Amino acid sequence: MSELDALKVALKTLQDKALDEFSNAESLQALQVLRVSYLGKKGELTSVLKGVGKLPPKERPVIGQFVNASKQTLSESLEKREACLALKEKQVRIEAERIDVTLSGRTSSKGSLHPVQQGLNEMTAIFSQLGFDIAEGPEIEDEFHNFDALNIPQEHPARAMHDTFFFHPDGDEKANLLRTHTSPVQIRTMKACVDAGGEPPLAVVATGRVYRCDYDVTHSPMFHQVEVFKVDKNISLAHLKGVLQHFLSAYFEKDVPIRLRPHYFPFTEPSAEVDIACVFCHQKGCRVCKGSGWIEVLGSGMIHPNVLKSVGIDSTVYSGFAFGLGVERLVMLKYGIPDLRLFFENDVRFLRRMGA
Amino acid sequence: MKIPLSWLKEHTPIQKSVEVIADTLVRLGHEVEGIETPRSAVKGVRVGHILSMEKHPDADKLHLLSIDVGEVEPLAIVCGASNMGVGDKIPVATVGTSLPNGLKIKKGKIRGQASFGMCCSEAELGLAEDADGLLILPKDAPVGDEVGTYLALEEAVFDLDITPNRGDCMSMRGIARDLAADQGLPLIEPSDEAVQVTESVSAPNVRVLGEGDCPLYTACRIDGIKVAASPDWLQARLLAAGLRPIHGVVDVINYTMLDLGQPMHAFDADTLSGDIEVRLAKDGETFVALDGREVSLDASDLVIADAEKVIALAGIMGSDQTGVSESTTQIILESAAFKAAKISTSRRTKGLVSDSSMRFERGVDPAMIRVAMNQASQMIISLFGGKVSETTCVGDAEAVIQDKHIQVSMQRIEARLGVDVPESANDVLERMGFSIVRDDSQADTLLFSVPSHRHDVSIVEDISEEYARVIGFDAIPAVMPPLASIKPRKVQKTVESAVEQGFVQVINYAFIAADDQRLFVPDDGRDLVLANPISDAMSVMRRSVFPSLLNTAKYNMNRQQTGVALVELGRVYEGPMSQRKEINVMAWLMAGELQTDAWYEKARKADFFDMKGAVETWLTGRGLTARFMVDDDVQGFQSGQTAKIFVGKSVVGHVGKVDEAIASQYDLDTNVFVASVNLDLLHAGKQAKFQPLPEFPSIERDLVFLFDKTIASESILQAVRKACGPSLVDAHIFDLYDGQGVPDGQVSLGIRFVLQHAKRTLTQEDSDQAMQAVIEAMKTHFEAVLRG
Ligand SMILES: [Zn+2]
């Protein structure tokens, strides 16, 4: 056998052996070792080429082509095997990394806004969008702002109905009190405007805590009110009705029929109590609406000229409407909360469930 | 105010259904709080069938009945009537029933014989005017059925909430007037026939001092009456209207008040001496009211007096001594007008309320003074005999019933209501008693005469309300007013951002117990104390939110919570009253476990740094940077775990651990952390401003030192910042270790530095230099040794 043939046979044997080992390699790592041992600079194929020097020059290219072809074959085989093994290893890894995706995610425990706060936020937002300014006032008030300026003189029967908390008087001064409604903010806001040389239009929403000396299943000694008023030229009862209709539908997030009933408040004339169609029975009559289909939600009216007078606004030029509502009551109606006391018990289970 | 339909019908011939009447009343401004029927008042009274009847062995007038009421066993009942017989159907009030007269039926023994109920007359059921024996029901009445249901009683009683401006509607006549006007029905006038006067009975002498408070006082004397119980029909009426029958004279007076709205009073004439005087009380004068209470009077009280004593607090209550009793034979009847404000003041200062004061305060129609006097004396003599004197009348009877006049611009009315007023509205108002005259000189002006029963109407705006009532609010359109200009406003998230951090917002009462106040606030006399608190536990305005939060924590921990994170937004209140402050605060509380055990993390108890971190994050969210400094002197806090919070130069609050003794008072374990921030001291905070992102890379370096444990990390970092110079972007403690290898009293702190230059890439030398400066600063300032 010529040197050439012998080389060819050796190459062939080498190639077969390599291909066999490649296909038996079980890891990318093992395959890498094989690559180096066959195709590396000091690899077996290279060492076969070392025998080329012994060949006559004429035959050298022949064996060169032969070796290159063999290299090509081995490389291709290696790549194929590599791809195959890579895929396998990936699958093994994926299986190994399999987790229970139904386990709970990492969360932190959730806080919540108090439902009353949420109600306050929702309500003020509605009036903000209508261009009403937001105002606040003190909770410890004097009789002037809480009563007198609101056309509720000392001997007025309505004054007795307010169940007022009083403070011990400070020396000779008149006893101060905890405001029984947010209406004093009306007085303070209008007066501040007039005192600063301003004049209507005024459109204000005021919110806050109010106090009544009354504590039972349906009364809390502290609750929250939202007070809304607008004073301008030519403000009418129709405007009051328009704003009420808009507000109540916006708050309850649906068209709610409303009903105004004549009523009496010293600070408005005419006065009206406002009912909404019962949200529980759709006016078929139920326990909550006492069968009437209507639920009382707030008191309203056209600001009494005496109130405007007390703050120095000319009632022959300007008129205005005002209304005040109990926040807890509206929140209870919107979310079907049965008991006022839940708001101030502050059970976090209730607060988390109801809060946003 | 309870209005029985049959009584209402005596004033106007209304034929509408109960529902329509109720709706009409509501539309007119008389809120219907309920509609009762006697049917519900006699619940438990059933149709009984008399099976046997025999004489009571020990009492001649009593019978022993055996009555089938549809139960398995017949009932044995002892009965005093005699108009029944075996086989009759009768109403039987079974055990447990409450009859309209207030009698509650119990199982009992009458003269030794057991009785399991009561057979009833019409009167006992409150159904008829009088009753002679039992009510015998038709033969076919179904045994065992409810009698009220069986008789299908149609009489309804409206329970109305009369607004305080409508004293005139606290009577059948007043309600009937509104209703009749609206429905176009006539209002039936009370009898005009004067009572027969006996000349020989001398009319009382009356003097009125200060007629401003008593513009009209009338009185008459009735001699020779025999006071008895009033007839059943009258008692039934009073009961239906919610008043308890007392005796004849009082019942007639109450009946007249309910009927016509005029409160009256009757004195036992034999208890009076000398003339009647209407005057202001003298300071120190006292009288014992009908309800038995002794009242000290003062010069603000208007009283009725005789020559010796006060006999009534005018318009409110008579004296006990001069009241009419069953043995009274001569009476003096009073029917008068008193100034509303006067009555109101005495009612308030003396704490005496009566049906009379309720009406006088709200305004009574003086036109009824004479009518009521006539009606009541007529009823008294026809029911209880006696002779009536002339009526003494002091005051100008004509003047008190004078109409008021108001000039009304219809254009103003329509502008106020936002609707055109139809002509027909005037017809209704005229039926209500207003008279309306068109002013020919001014096209849209009407001249209104306001009748004497409408004290509440005095200005144009009042007339606008009358129109609104008559037209109906439903007829007024809903129109949006022109939009005001919207002023720009920054929406500040306050409690909202704390909630995002996992806190549950709570809202507590603003008043707490004085003892709770003392836990966090010294007794310095600056508490604001309520004069009339609900209870001691709600008696002082809180100066700290912590007691409320601790209470809330306790409430929840007692309900199986393992931990709470609470936040409250509210006010605290500080005296003295003349310099009172209402301060807006945010307050936090953390207690117990932060989270329940989870598969990825075990529960951990809250500590100081959880609380502090929450406050820091919250302030950062508002664009504010806070500094914290040790404060060992905060009441209610544990020293060593408490810091004051600085924003800018002011202390805005504290954060720290609640004193263990206080925590345990609230049944809380020892680790309770709280914080509060005075919102009024926080300035607006910096608005985020754009800054170009750094162009050059930063370098991160770590140094670890041994420090004395007493050195605050805040001062270390301050020194570090100074030493490092302007290239320092951030320095923070990344490691804290005081375990093995660290000498006692020392702590190993790892500080991580981030260095960066705006204009160039920092070199190794730059950072080396900075680190070297730090090492030297630490050595000079704190004798700190660089570790490893
Ligand atoms: Zn309903």
Side-chain angles (χ1 to χ4, degrees), chain A residues 103-104 106 108-114 116-117 130-131 133 138-140 155 157-158 160 165-168 170 175-176 201 203 209 213 215 221-222 230 234-239 241-243 245-246 260-264 269-272 302 304-305 319 343-348 351-352 355, chain B residues 26 29 163-165 341 344-345 348 361-362 415-419 461-462 464-465 468-469 473 476-481 483-487 495-496 499-507 509-510 528-532 534 538 552 555-556 559 561 564 571 573 576-578 580 582 595 599-600:
Chain A
L103 275 172
S104 72
R106 281 188 186 84
S108 51
S109 62
K110 159 172 127 32
S112 57
L113 272 190
H114 194 285
V116 168
Q117 180 78 48
L130 291 177
D133 282 335
E139 292 168 22
I140 300 171
E155 64 279 7
F165 281 115
F166 286 97
F167 289 94
H168 288 295
D170 221 11
N176 283 322
R209 304 177 185 213
C213 189
Y215 194 21
M222 182 188 91
K230 186 175 175 81
N234 295 316
I235 292 295
S236 74
L237 200 55
H239 293 137
K241 215 171 153 179
V243 169
Q245 180 68 70
H246 171 85
L260 272 64
R261 278 182 288 108
H263 197 71
Y264 171 75
E269 188 75 42
S271 305
M302 298 295 293
H304 197 288
S319 56
F343 290 119
F344 304 107
E345 270 171 12
N346 292 307
D347 191 313
V348 296
L351 296 174
R352 284 217 173 93
Chain B
V26 167
T163 54
N165 58 326
S344 179
T345 306
R348 184 168 44 81
E361 272 188 72
R362 287 160 173 77
R416 193 168 180 86
L417 300 183
V419 72
E461 285 78 7
D462 297 330
S464 78
E465 174 159 78
R469 287 201 309 141
F473 280 101
I476 291 165
V479 179
M480 282 304 268
L483 198 70
S485 64
I486 297 177
K487 290 180 193 135
V495 71
E496 289 80 358
V499 161
E500 281 159 20
Q501 288 170 250
F503 287 83
V504 174
Q505 185 192 6
V506 299
I507 298 181
Y509 293 138
L528 292 166
V529 183
L530 289 173
N532 57 334
I534 298 276
M538 299 192 263
T552 310
Y555 181 93
N556 282 289
R559 279 163 185 75
Q561 296 294 314
V564 285
R571 292 182 185 175
Y573 312 79
M577 187 53 88
S578 55
R580 65 187 178 275
E582 294 182 25
Q595 203 150 14
W599 61 268
Y600 52 82

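Every value quoted in this text rests on a predicted model; they were computed, and no experiment measured them. Order of the sequence lines fixes the chain letters, A, B, ..., with proteins taken first and strands second; residue numbering starts at 1 for each chain.
The candidate from B/Asp462, B/Val479, B/Thr163 with the greatest count of non-hydrogen atom pairs under 4.5 Å with chain A is B/Val479. The most heavy-atom pairs under 4.5 Å with chain A, out of B/Glu361, B/Arg580, B/Arg571, B/Gln595, come from B/Arg571. Ranking B/Ile507, B/Leu530, B/Ile476, B/Thr345 against chain A, the residue ahead of the rest is B/Ile507, based on heavy-atom pairs under 4.5 Å. For the set A/Ala175, A/Gly242, A/Ser236, A/Ala238, the entry with the most heavy-atom pairs within less than 4.5 Å of chain B is A/Ala238. Of the listed residues (B/Val564, B/Thr552, B/Val26), the greatest number of heavy-atom pairs within a distance under 4.5 Å of chain A belongs to B/Val26.
In this structure, the separation between CG on A/Leu351 and CD on B/Gln505 is 8.5 Å, given to the nearest 0.5 Å. Summarising the geometry, atom OH belonging to A/Tyr215 is positioned 4.0 Å from atom OH belonging to B/Tyr509; distances are rounded to the nearest 0.5 Å. Note that CD1 of A/Ile140 and CE of B/Met577 are 5.0 Å apart. Values are rounded to the nearest 0.5 Å. Annotation: the span from B/Arg362 atom CZ to A/Tyr264 atom OH amounts to 10.0 Å, rounded to 0.5 Å. Here B/Asn165 contributes atom CG and A/Glu269 contributes atom CD; the two are 7.5 Å apart, rounded to the nearest 0.5 Å.
Residues satisfying the side-chain hydrogen bond (donor to acceptor under 3.5 Å, both in side chains) test with B/Arg469, not counting sequence neighbours, are B/Asp178, B/Glu466.
A/Met222 and B/Ala510 get closest at one heavy-atom pair: SD-N, 3.6 Å. What you find for A/Pro270 and B/Phe473 is that their closest heavy atoms are CB-CZ, 4.5 Å. The shortest non-hydrogen separation linking A/Asn346 to B/Asn556 is O-ND2, 2.9 Å. Residue B/Glu582 comes nearest to A/Glu139 through the heavy atom pair OE1-N, 2.7 Å, listed as atom of the first residue, atom of the second, then distance.
Looking at B/Glu500, there are no atoms closer than 4.5 Å to chain A (heavy atoms on both sides), in backbone or side chain. For a residue to count as touching a neighbouring chain, one of its non-hydrogen atoms must lie under 4.5 Å from one of that chain's; by this rule A/His263 touches chain B with backbone and side chain alike. For A/Arg261, the parts sitting under 4.5 Å from any heavy atom of chain B are the backbone and the side chain alike. Residue B/Asn532 touches chain A through both its backbone and its side chain, counting heavy-atom pairs closer than 4.5 Å. For chain A, the nearby part of B/Tyr555 is the side chain; its heavy atoms alone come within less than 4.5 Å. In this structure, chain A has heavy atoms under 4.5 Å from both the backbone and the side chain of B/Val529. Both the backbone and the side chain of B/Arg559 come within less than 4.5 Å of a heavy atom of chain A.
Side-chain contact between B/Glu465 and A/Ser271: present, with at least one pair of heavy atoms (C-beta onward) separated by less than 4.5 Å. Using a 4.5 Å heavy-atom cutoff, the side chains of B/Glu461 and A/Met302 are not in contact.
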